[in-house]
Structures are given as C-alpha cells and as structure tokens.
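Structure record follows, encoded as structure tokens.
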Number of protein chains: 2
Amino acid sequence: MRVRLRDLAEGLGLSVMAVSKALHDAPDIGAATKARVRAEAEKRGYWPNQAARSLRSKQSGLIGLLVPDLASEEAAGIAGGLLRAGEAARISVMVAASGEKKGGEAAQVKAMMGRGSEAIFILPKITTEHRSLALEAVMQAGLPVIFFQRYPADVSPGRARVSWVVRDMAHAAQLVLDHVWKQGHRSVAYLGGHPAERSHAEHCKAVREGAAQMGMELVGEATMAGLTPEDGEREMERILQGKSQPTAVICGNDAVASGAARAVLQAGLHLPGDLSIVGLGDGELARHGPVALTTVAFGNLGKAGFELWMASRDGGEMKPRTVGCELIDRGSTAEAGGGGKPSPTPSR
Amino acid sequence: MRVRLRDLAEGLGLSVMAVSKALHDAPDIGAATKARVRAEAEKRGYWPNQAARSLRSKQSGLIGLLVPDLASEEAAGIAGGLLRAGEAARISVMVAASGEKKGGEAAQVKAMMGRGSEAIFILPKITTEHRSLALEAVMQAGLPVIFFQRYPADVSPGRARVSWVVRDMAHAAQLVLDHVWKQGHRSVAYLGGHPAERSHAEHCKAVREGAAQMGMELVGEATMAGLTPEDGEREMERILQGKSQPTAVICGNDAVASGAARAVLQAGLHLPGDLSIVGLGDGELARHGPVALTTVAFGNLGKAGFELWMASRDGGEMKPRTVGCELIDRGSTAEAGGGGKPSPTPSR
DNA sequence: CTGTTAGCGCTTTCAA
DNA sequence: TTGAAAGCGCTAACAG
C-alpha cells in the first residue's frame with residue numbers, strides 16, 4: 001500500500017480528482033489525460049486502496065461465503081465456482097468456515113458485514129436449523145443472502161432479499177431410474193435418504209415414486225444419518241445378506257456409492273457384472289476412485305448463486321434457482337443379469 | 001453497516017473516543033464505563049466498520065490466499081487449515097483462484113494488497129515458474145509471502161519476508177519403505193515422480209535411495225506429467241504386462257494409487273493379496289474410496305503456514321517449516337506372496 | 001474538461 | 001480517566 005492517487009497527481013501536475021476520474025474512465029476527462037494518467041499509474045505500480053474506496057463509496061466489491069468446512073467436496077465446489085464467477089466480475093470473495101462451534105456463524109457473518117460484504121452466501125450445515133442470530137442481523141442490515149442447497153423454511157424469497165440455489169434432485173432421480181430401467185433392472189435398492197436434508201429426502205421420494213410408477217420393485221431402502229461411505233458399506237452388507245436381492249443399487253451420493261462398492265468387492269462379487277451401482281454428484285470418488293462410478297453431475301451451485309445475485313444487483317428480485325444435471329455413465333452399471341464378467345471401466 | 005461508534009456515544013452521553021477505547025479494553029477507561037459501553041454495543045448490534053478501521057490503523061486483520069483452483073483437495077485442505085487457524089486469531093481470509101489465465105495471479109494479488117492484506121499465502125501451480133510480477137510487487141511492498149509446497153528457487157528466506165511450508169517427503173518415503181519391508185516385500189515399483197515438482201522429485205529420490213540401501217529391488221519406476229489416476233492406471237497396466245513383477249507398488253499420491261488400484265482390479269487381480277499398493281497424502285480417495293488405501297497422512301500445511309506467519313508478526317524471522325507425517329495402515333498392503341485372499345478392508 | 005470541498009467511520013496523538 | 005482535533009485515501013457533489 002504505497003503509491004496513492006495524490007502521488008500520481010503530484011507527479012503529473014493534476015488534481016487528485018482528475019486522476020481518480022481518469023482511472024475510472026469517467027466521460028468528462030480528455031483522452032490524452034487519461035492515457036497519461038494510466039501510463040503513470042502503470043509505471044509507478046499504483047493500485048487502489050479498497051478500504052478507502054469502500055469507506056467512501058459504500059461499494060466494496062466484496063462478497064462473503066460461509067461454509068461448514070472447506071474440506072468437503074460440496075463446499076470446495078461451491079467456493080470454486082463462486083470464486084471463478086466473482087473474478088470475472090472483479091468481485092473478491094472472503095471465505096469463512098463456521099466449523100463446529102455454535103456461535104461461530106454469527107461472528108463470521110459480522111466480520112463479513114464489517115468488511116462491507118455486498119452479499120452473504122451460505123452453505124448451511126446439514127444439522128443446523130438454518131436460522132440464526134447471524135441471519136437476523138444480515139437481513140436486518142438489508143444485505144442479500146443466498147443459501148446453497150438448504151434454506152430456512154420460514155423465509156419467503158423476494159421479500160427480505162433472501163434466495164437460494166438448489167439441485168434438481170427430482171430430475172436426477174428420473175435420469176437414474178431411466179438408465180437402470182433401460183438396462184433391464186426391475187429390482188433396485190435405494191441407499192441414501194437423509195431425514196434432515198430436504199434435497200436428499202426429495203431425491204429419495206422421487207426414486208420411490210418413480211420406481212412405483214415404472215413398475216420397478218424397491219427391495220431395499222435405507223435412510224441414513226450421515227451419507228458417508230461407512231453408512232453405504234454397512235447398508236450394502238445388510239442388503240447382501242437379505243433374502244431378496246436387487247440387481248441395481250441407487251445411492252444418495254457418491255460417498256455412499258463408494259462404500260457400497262467397497263462392500264460388494266469385499267463380498268467377492270464383481271462390479272458391475274453381479275450388481276450395478278449408481279452414485280450421485282460426480283465427485284472425486286466417482287471420477288477417480290478405484291471403481292469408476294456411473295453418477296449424476298450437477299451444474300455448479302456457486303456459479304449459479306453468483307449469477308442470481310448479480311442479476312438482482314440493481315434492484316431486481318432474487319428468484320431462487322435450480323441447477324440442472326446429467327447422467328455420467330462410467331460403466332458401474334450393466335445389463336441386469338449380465339453374468340460375472342466385469343465390463344471395462346472407461347476413465348471418463 | 002449501520003450502528004456507528006458515534007451512535008453509541010450519543011446514546012450513552014460519551015465521546016466517540018471513549019466508546020472506541022472501551023470496546024478495545026483500553027487501560028485508561030473505567031470498568032463501569034466499559035461495562036455500560038459493551039452492554040449498549042451488544043444491545044444495538046454494533047460491529048465495527050473494518051474499512052474505516054484499516055484505513056486509519058493500517059491493520060486490516062485480513063490475509064490473502066491464492067490457489068490455482070479450490071476444487072483440488074490439496075488446495076481445499078490448505079484453505080481449510082488456514083481458515084480455521086485464522087478464525088482462532090480473528091483474522092479473515094480472502095481467497096482467490098488464479099485459474100488458468102496467465103495474468104490472473106498479479107491482478108489477484110493486487111486486489112489482496114488493495115484490501116490491506118497483511119500477508120499473502122500462495123499455493124503455486126505446479127507448472128508455474130513461481131516467480132511473477134505479482135511476487136515482485138508483493139515483496140516490494142514489504143508484505144510477507146508464504147509459499148506452500150513449491151517455492152521460487154531464487155529467494156532466500158528471512159531476507160525479503162518470504163518463507164514456505166513443505167511436507168517431509170523424505171520421511172514419508174522412509175515410513176512407506178519400512179512398512180512394506182516389514183511385510184516381506186523385496187521387489188517394489190514406484191509410480192509418481194514428477195519432474196517439475198520439487199517435493200515429488202524428493203520423494204522419488206528418497207524412495208530410490210532408501211530401497212537401494214535396504215536392498216530392495218526397484219522393478220518399475222515411472223515419472224509422470226500429472227500424477228492423476230489416469231497416469232497411475234496407465235503405468236500400472238504397463239507394469240502388469242512387464243516381465244519382472246513387483247509385489248508392492250509405492251505411489252506418489254493417492255490419485256495415482258487409486259488409478260493403479262483400478263488397473264489391478266481390471267486385470268482381475270486381488271488387492272492386497274496379489275499386489276500391495278501404498279498411496280500418499282491421506283485424501284478422500286484413500287479414506288473413502290471403494291478400496292481403502294494404506295497411505296501417509298501429513299499435518300495441515302495451511303495451519304503450519306499461518307503459525308509461521310503469526311510467529312514472525314512482531315518482527316521475528318520467517319523460518320521455513322516442514323510438516324511431519326505418519327503412516328495410516330488401511331490394509332491395501334499385505335504380506336508379500338500372501339496368496340489370493342483379500343484381507344478385510346478396515347474402514348479406518 | 002478539470003478542480004474544490006467535504007466527509008465516509010475509525011484511531012492516533014495529545015490535551016484536559 | 002476522558003475528550004478534541006486531525007487525518008487515513010478515496011469519491012460524491014458541485015463549481016469553475
């Protein structure tokens with residue numbers, strides 16, 4: 001933080017204002033002057049003091065993102081998308097992890113507001129009630145809030161500048177059901193409904209209803225507390241020991257699918273020859289794991305959230321968005337009853 | 001951004017200064033006054049305007065982190081550690097992804113400096129030359145720079161407020177070699193030396209020298225451009241088709257190990273009965289993939305980097321750090337020549 | 001087309 | 001133990 005507008009102005013024999021305007025490409029400054037100013041700024045390595053700028057203009061060019069923990073792929077993906085979208089619009093992103101602590105969220109959000117965040121993006125914890133002191137404060141301050149994936153039940157969008165971006169879970173379920181149906185599967189298991197998570201509950205429901213409609217039998221259905229690989233492994237083992245065996249297993253996310261695949265391999269069975277598995281989310285585990293998983297890829301939530309905010313920036317309304325999805329076939333599913341031969345696993 | 005010090009002061013019949021000092025717990029304000037001020041601040045929901053504060057005091061309480069892309073597990077892990085460490089010290093973190101664009105880095109770093117970052121943390125791209133206009137600018141401004149994992153060859157630490165945090169790759173190699181040696185492996189392959197990456201080159205070298213010293217044969221050694229699962233899969237296939245077969249495969253990271261495991265499964269072999277595989281990094285793929293991988297877990301670089309900076313904050317020198325590691329045995333290795341029976345894969 | 005004035009909310013410095 | 005004055009670097013509003 002060294003060269004100031006004043007330094008440039010003195011060096012050029014201009015006023016501070018003229019320099020400021022020139023750098024902002026204001027219409028009332030001559031082209032020649034602008035060129036001179038820009039050259040000098042470049043030469044002396046000027047860059048603006050944002051603290052001063054936002055103090056004066058109330059425009060910080062900063063947004064805040066609050067996630068439970070960056071280590072999760074969900075959070076990293078959202079953050080990445082938001083960062084990329086932000087950069088294109090010259091918006092900086094402050095990231096905070098709310099972690100386990102209860103009061104954490106409020107303090108983090110206050111820090112963001114203190115720095116002049118123009119909007120707050122939140123990926124709520126699954127276990128949270130989504131409604132905190134922090135949120136009250138933000139909304140009272142009139143700041144836009146965009147939720148990812150989960151959102152408070154008692155807030156209506158539009159009013160109060162609150163909105164959200166979710167995944168099209170019903171469509172995802174339909175894609176998966178169509179896929180396994182076409183391969184001749186008539187008896188499937190579902191692993192992964194999460195009782196406290198709207199989107200997973202929705203997926204579960206869509207699979208259940210879709211299967212019924214198509215005349216597919218749902219021989220195993222597990223609701224689980226965590227959607228971790230361990231949960232998937234445990235439930236898969238349970239199914240393998242049951243009497244009526246499915247020919248395909250639909251999972252609530254890639255982690256569960258990965259755990260299920262682990263159980264299948266442990267049992268000495270072949271994938272996908274003996275059993276087909278479908279994941280959800282197209283994460284690292286599906287793409288790069290020892291078993292490439294057929295899964296459903298979603299559009300980036302972070303990017304969609306940013307666009308939603310940008311579109312509302314000049315007073316527009318904040319209409320919630322749903323990001324679409326597509327099925328990615330990596331060969332962890334095969335024709336039903338296709339025998340023990342594993343099909344080759346393509347790398348993409 | 002609404003309640004100001006002035007509002008509190010007027011409400012309490014005090015001066016702005018008294019309120020400011022009280023909130024900072026200055027020694028020259030009475031206990032009773034402090035209590036009153038704090039209660040009022042709490043009640044009215046005051047939080048400081050950081051822009052104003054840092055404009056005046058030159059202390060922003062903000063640091064910047066520049067990564068190639070948050071979606072990588074490496075970056076997400078570092079970012080998460082930095083965030084957590086920062087939060088404990090009430091330091092906010094601005095994150096930017098430098099992406100593919102060339103000029104990107106410089107602009108991002110300028111944005112960070114413009115916001116008053118007190119330090120810049122950089123995870124360089126593997127392909128970068130680590131030395132950019134951005135770095136010049138930062139160092140000229142006298143800001144501390146901490147590199148993760150990779151760093152410019154031509155900068156000496158201490159001078160110029162530059163330092164770095166790296167992983168103890170030599171120790172990691174030793175841990176892995178000891179582990180497979182104890183299981184009776186005498187013929188191993190190494191997949192994963194990266195020509196442009198100091199730490200991977202170091203790991204490769206340590207494995208090579210260690211193996212020689214212990215009298216282990218290195219029957220396959222692959223240097224690869226990307227350290228991706230695809231690279232691992234390809235090289236593993238090559239090895240499986242070769243004449244002299246190793247009994248264990250040591251990989252340069254978990255992604256490569258995962259790809260290698262994929263090739264092994266594709267070939268219809270058993271893991272770890274027919275072949276042992278060791279990863280490096282203890283990432284998602286090793287922990288939660290369909291095949292749980294024995295690997296080496298490192299301490300968090302982000303946390304270590306933050307501590308390095310904090311320790312140097314009052315003029316201390318910035319001594320580079322090395323984070324330690326430990327072997328995590330998840331059962332993807334077994335006694336050499338142990339026959340085809342897969343050992344159960346523990347979930348931890 | 002360019003310059004002047006004022007002030008954003010806070011803290012440093014010094015006086016009461 | 002408290003307060004007044006000044007100013008951080010920038011830009012909105014208005015004059016020239």
Earlier contact from the 5' end, DNA chain D, for B/S57 and A/S20: B/S57

Nearest-nucleotide comparison on DNA chain D, the residue closer to the 5′ end among B/V19 and B/R56: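 Going by which nucleotide is closer to the 5' end, it is B/V19.
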
Donor on one side chain, acceptor on other, B/T322 and B/R167, under 3.5 Å: no

No-hydrogen, no-angle side-chain donor-acceptor test under 3.5 Å, B/E197 and B/S199: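 B/S199 and B/E197 do have a side-chain donor-acceptor pair below 3.5 Å.
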
A/K21 side chain near C/dC1 phosphate (N/O to OP1/OP2, under 4.0 Å):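 For A/K21, the contact criterion (side-chain N or O under 4.0 Å from OP1 or OP2 of C/dC1) is not met.
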
Centroid separation B/W164 to B/Y151 less than 6.0 Å: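 When the ring centroids of B/W164 and B/Y151 are compared, they turn out to be within the sub-6.0 Å range.
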
Contact list for DNA chain C against residues 22-34 of chain A - heavy-atom distance below 4.0 Å: A/D28, A/I29, A/G30, A/T33

Protein-nucleotide distance (A/K58, atom NZ; D/dC10, atom P), rounded to Å: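 The answer, rounded to whole Å, is 17 Å.
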
Spacing between A/M17 atom CE and D/dG16 atom P, to the nearest angstrom: 17 Å

Nearest listed nucleotide, side chain of [X], among [options]:
{"X": "B/Y46", "options": "C/dT12, C/dC10, C/dT5", "result": "C/dC10"}
{"X": "A/A18", "options": "D/dT11, D/dG3, C/dG3", "result": "C/dG3"}
{"X": "B/L5", "options": "C/dC10, D/dC10, D/dG9", "result": "C/dC10"}
{"X": "B/R53", "options": "C/dC10, D/dC10, C/dG3", "result": "C/dC10"}

